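This one's a predicted model, so the numbers in the text were calculated from it and none came from an experiment. Order of appearance sets the numbers: ligands from 1, and atoms from 1 within every ligand.
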Amino acid sequence: MAPAATSKPSKTAELPEDPAGRARFDELIAADQRVEPTDWMPEAYRKTLVRQVSQHAHSEIIGMQPEGNWITRAPSLKRKAILMAKVQDEAGHGLYLYSAAQTLGTPREQMTEDLISGKAKYSSIFNYPTPTWADMGSIGWLVDGAAICNQVPLCRASYGPYARAMVRVCKEESFHQRQGFEILLHLSRGTKEQREMAQESVNRWYAPALMMFGPPDGDSPNSAQSMAWNIKRFSNDELRQRFVDMLVPQAEVLGLTLPDPDLKWNEERGHYDFGDLDWDEFYEVLKGRGPANAIRLERRRTAHEEGAWVREAAAAYAERRRVAAEKVKAA
Ligand code: BYC
């Protein structure tokens, strides 16, 4: 158990402006090098990272729910074992990311409090329900697929602990995407009912997965600064386009249709054109009014309350070890 999870919340002291630190920071960014926790950094850089990294961590933690929903109902022992491993991986990702955010001076309790109070955001995609087994395939193929497109460039983010966490996360996401693809392939080659279940699920997940990349570039207030700081390497629309271009041939292998009548190859651009997304729906989900927002937050709150005894026990054990270590030192 990470001792930091039991430390008292404290407000991060803002570092005073430091001309030498500022010059060094500017140099690191200009040379496309890594900023580390001990380096001086502008407050706005720190805040942007805490915002993005903590939201990312929350997404992994809330993202366990839609799939956790199917662990007891997986159609075979093998599928159950795979799904359990995947959901555990998501928990691990959440923990690496909370740790990365903690290196910026934000206590874990504060991030958790912001999540369960509804103040913090997490990815819009996890506010959609998972009524069928095929949704485990769609989450793997589409949601993890979008996550990989978004996160591979983050392995080169300028903040060291975030970039390093992303390397391992991406390796695991890659396995997750393949297992989702394999579920859908199995269903699409199965009975008529299985094929229909796979298609119906892809119909529901396709557009929300495209929205994971965030609003169109013209409506993305954070992109320009995040790109100038080498946190984001590509814009939301660039990554969305990359994702669509990747999906089309994969959908052909699956024998499934992507639910967009405007999807077609554009020879001139060398990319697929695709139809408009329903951004009103996206903002409704962000405001907490998506199909499953209330369920997700309630479940997280309850789990947090029910886990209080674990945190207390871990804190008591850590304290006992600390006292014992002090006695040894004093002896
Ligand atoms: N959902 O200026 P913009 C996973 C917010 S989990 C919710 O473009 P930015 C998995 C945005 O935060 C992987 N909110 O923002 C787990 C901002 O609001 P604030 C999740 C969104 O930061 C379990 C506002 O809209 N991945 O893979 O430059 C099972 C304006 O946006 C969303 C990450 O978290 C959204 N989709 O770019 C399976 C990736 N999009 O903060 C799978 C890390 C935008 O100003 N995050 N907003 O109040 C990022 O790369 C960036 O933060 C984003 C947004 C591309 C998402």
Asp18 and Arg22 ion-paired at < 4.0 Å: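 Arg22 and Asp18: not salt-bridged.
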
Salt-bridge present (Arg178, Asp144; N to O < 4.0 Å):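 Looking at Asp144 together with Arg178, the answer is no, because their closest N to O distance does not fall below 4.0 Å.
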
Please tabulate, for the side chains in residues 283-290, all donor-acceptor contacts under 3.5 angstrom to protein atoms that are two or more places apart in sequence or on a different chain.
{"from": "Glu284", "atom 1": "OE1", "to": "Arg289", "atom 2": "NE", "distance (Å)": "2.9"}
{"from": "Glu284", "atom 1": "OE2", "to": "Arg289", "atom 2": "NH2", "distance (Å)": "3.1"}

Should the ring pair Phe25 and Trp40 be called parallel, tilted or perpendicular, given that the plane angle runs from 0 to 90° and is split at 30 and 60?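 Perpendicular, since the angle between the ring planes exceeds 60°.
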
May I have all residue pairs that pass ring-ring contact (aromatic ring centres under 6.0 Å, His included) and include part of residues 293-331, sequence neighbours excluded?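 Output for this query is empty, none listed.
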
List in chain and number order the residues that pass side chain to side chain donor-acceptor pair (under 3.5 Å) with Arg301, two or more places apart in sequence or in another chain; answer none if no residue qualifies.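 Arg301 satisfies side chain to side chain donor-acceptor pair (under 3.5 Å) with Glu298 once adjacent residues are dropped.
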
Strictly under 4.0 angstrom, heavy-atom based: which residues surround ligand 1?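 These residues qualify: Arg51, Gln52, Gln55, His56, Ser59, Glu60, Gly63, Glu67, Lys86, Glu90, Lys121, Tyr122, Ser123, Ser124, Phe126, Val143, Asp144, Ala147, Asn150, Gln151, Tyr162, Glu173, Met211, Met212, Phe213, Gly214, Pro215, Ser220, Pro221, Asn222, Ser223, Lys232, Asn236, Phe282, Leu286.
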
